[in-house]
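Here is the structure we will look at.
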Amino acid sequence: MGQLLIRARKERLTKTTREPKPTLDPTDARLAHGVFTLRESARYLGISNSTLHSWARPSRSRRPLITLLPAAGREASVPFIGFAEAYVLSAFRGAGVPMQRIRPAVEQLEAQIGVGYALASKRLYTDGAEVLYDYATKKSDGDLLELTVVRTGQKQFSDLITRYLRQVTYGDDGWATELRLPTYGDAAVVVNPRRGFGLPLLASGGARVEDLVDRFVAGDSVADIADDFEVPERDVENVIRVATRAAA
């Protein structure tokens, strides 16, 4: 039965490469406008500015690894889909994959998964491990193999990558609609382009992170903030801790 499932999945992957890639409508809220600058995106994802800028730059006439929109000055240029792509890339980097290995791996995923914005697609979660495993085996790339494991005869993502992908919520159309930010620890802080203008907010109650921080900077106590927004004090403390660390 396991071999039949694997063969069926490979046949599906092969078929999708021959068909036009499903993609998002440019007017979709997840793609139509920027929600963060590159600097803000790097801070929320817990990665360096230089790393994110390297993903945002084209390489040898190839497009950037993350989706960007034209922006003037300090305007937000990273749409939610681009942010979700950067989120997945940060997981790959956290697993120890060097930059020079990431780009060809992403190109292979995009070619084989058969959808636009593959890193922000649920197809990455369901089929990406097999694509990367087969590609890494063919290229004898030990770094990429670290992203996957084989359990009961099936290729799956490693525990680290799986933990990241489980924090992504996908819509009925198969693309990411919300993700939980790893930098806030136990506090469930999410980004959703259809809630709070796409700014980070607490999943429970919907309080915006920037509103909590502004109140703290203004001199309000953690207890008062928690009481006014009806959220646990520990969540407020986590939000403040991250904001203070980022400002240091």
Side-chain angles (χ1 to χ4, degrees), residues 1-17 21 38 41-42 44-67 81-168 170 176 179-183:
M1 179 63 72
Q3 291 299 319
L4 289 175
L5 290 173
I6 292 171
R7 184 161 61 248
R9 180 174 290 180
K10 286 185 176 180
E11 289 174 353
R12 184 174 73 252
L13 289 172
T14 301
K15 180 181 179 182
T16 57
T17 61
K21 292 183 177 182
L38 285 171
S41 298
Y44 289 136
L45 293 173
I47 59 178
S48 68
N49 287 322
S50 60
T51 293
L52 190 59
H53 275 79
S54 69
W55 295 343
R57 288 194 301 266
S59 175
R60 296 180 182 178
S61 301
R62 297 171 177 173
R63 72 170 185 79
L65 288 173
I66 63 174
T67 302
I81 286 296
F83 188 75
E85 292 169 329
Y87 173 84
V88 174
L89 290 172
S90 70
F92 288 177
R93 182 174 174 83
V97 179
M99 180 65 194
Q100 63 268 28
R101 301 283 199 279
I102 289 178
R103 184 174 290 277
V106 171
E107 292 174 348
Q108 185 68 15
L109 284 167
E110 291 175 341
Q112 293 296 317
I113 287 180
V115 296
Y117 312 107
L119 292 180
S121 167
K122 191 174 183 179
R123 290 290 302 276
L124 173 71
Y125 186 83
T126 57
D127 298 328
E130 183 167 348
V131 171
L132 282 179
Y133 181 90
D134 291 346
Y135 175 72
T137 301
K138 181 179 179 180
K139 297 293 184 179
S140 299
D141 192 325
D143 291 318
L144 287 179
L145 278 175
E146 290 296 318
L147 298 178
T148 60
V149 294
V150 179
R151 295 192 179 105
T152 63
Q154 295 189 28
K155 289 89 171 180
Q156 302 174 19
F157 278 116
S158 67
D159 291 340
L160 172 65
I161 305 302
T162 298
R163 284 200 301 272
Y164 266 75
L165 294 182
R166 282 178 177 168
Q167 303 306 314
V168 181
Y170 299 95
L179 60 85
R180 178 174 172 174
L181 299 180
T183 47

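Heavy-atom basis, side chains included; hydrogens, waters and symmetry copies ignored.
- For the ring-ring contact (aromatic ring centres under 6.0 Å, His included) test, no residue two or more places apart in sequence or in another chain qualifies with Tyr135.
- Here the shortest heavy-atom pairing between Ala118 and Leu124 reads O-CB, 3.6 Å.
- Among pairs with a residue in residues 104-119, those fulfilling salt bridge (charged side-chain N to carboxylate O under 4.0 Å, His left out) read Arg62-Glu107, Arg63-Glu110, at least two apart in sequence or across chains.
- Contacts of Phe92 classified as ring-ring contact (aromatic ring centres under 6.0 Å, His included), with partners at least two apart in sequence or in another chain: none.
- Pairs of residues two or more places apart, or lying in two chains, never qualify as ring pair (Phe, Tyr, Trp, His ring centres under 6.0 Å) while including a residue from residues 47-66.
- Using a 4.5 Å heavy-atom threshold, the side chains of Leu38 and Asn49 count as separate.
- Distance check, rounded to the nearest 0.5 Å: CD1 of Ile81 to CD1 of Ile66 gives 12.0 Å.
- Gln167 is not listed as a side-chain neighbour of Leu179, based on a closest heavy-atom distance of 4.5 Å or more.
- Side-chain atoms of Leu119 and Tyr87, non-hydrogen and from C-beta on, never get closer than 4.5 Å to each other.
- Counting heavy atoms from C-beta outward, Lys139 and Leu144 have side chains that stay 4.5 Å or more apart.
- Here the straight-line distance linking atom CZ of Arg93 with atom OG1 of Thr51 works out to 3.5 Å at 0.5 Å rounding.
- Judged as a ring-ring contact (aromatic ring centres under 6.0 Å, His included), and not counting sequence neighbours, the contacts of Tyr44 are Phe36.
- The nearest pair of heavy atoms linking Glu130 to Lys155 is CA-CB, 3.9 Å.
- Counting all heavy atoms, side chain and backbone alike, Leu132 lies closest to Ala105 at CD2-CB, 3.9 Å.
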Given the rule in the side-chain hydrogen bond (donor to acceptor under 3.5 Å, both in side chains) test, do Glu85 and Thr67 qualify, once you have shown the distances and angles that lead to the verdict? CA-CA 8 Å; Glu85 292 169 329; Thr67 302; 2.9 Å; yes
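- Legend: residues meeting side-chain contact (heavy atoms from CB on, under 4.5 Å) with Tyr125, ordered by chain and number and at least two apart, are Leu165, Arg166, Tyr170.
- Taking 4.5 Å as the limit, some side-chain heavy atom of Val106 sits within range of a side-chain heavy atom of Leu89.
- Residues Ser54 and Met99 form a side-chain contact, since some pair of their non-hydrogen atoms from C-beta on lies under 4.5 Å apart.
- Closest approach of Val115 and Ser121 over heavy atoms only: CG2-OG, 3.5 Å.
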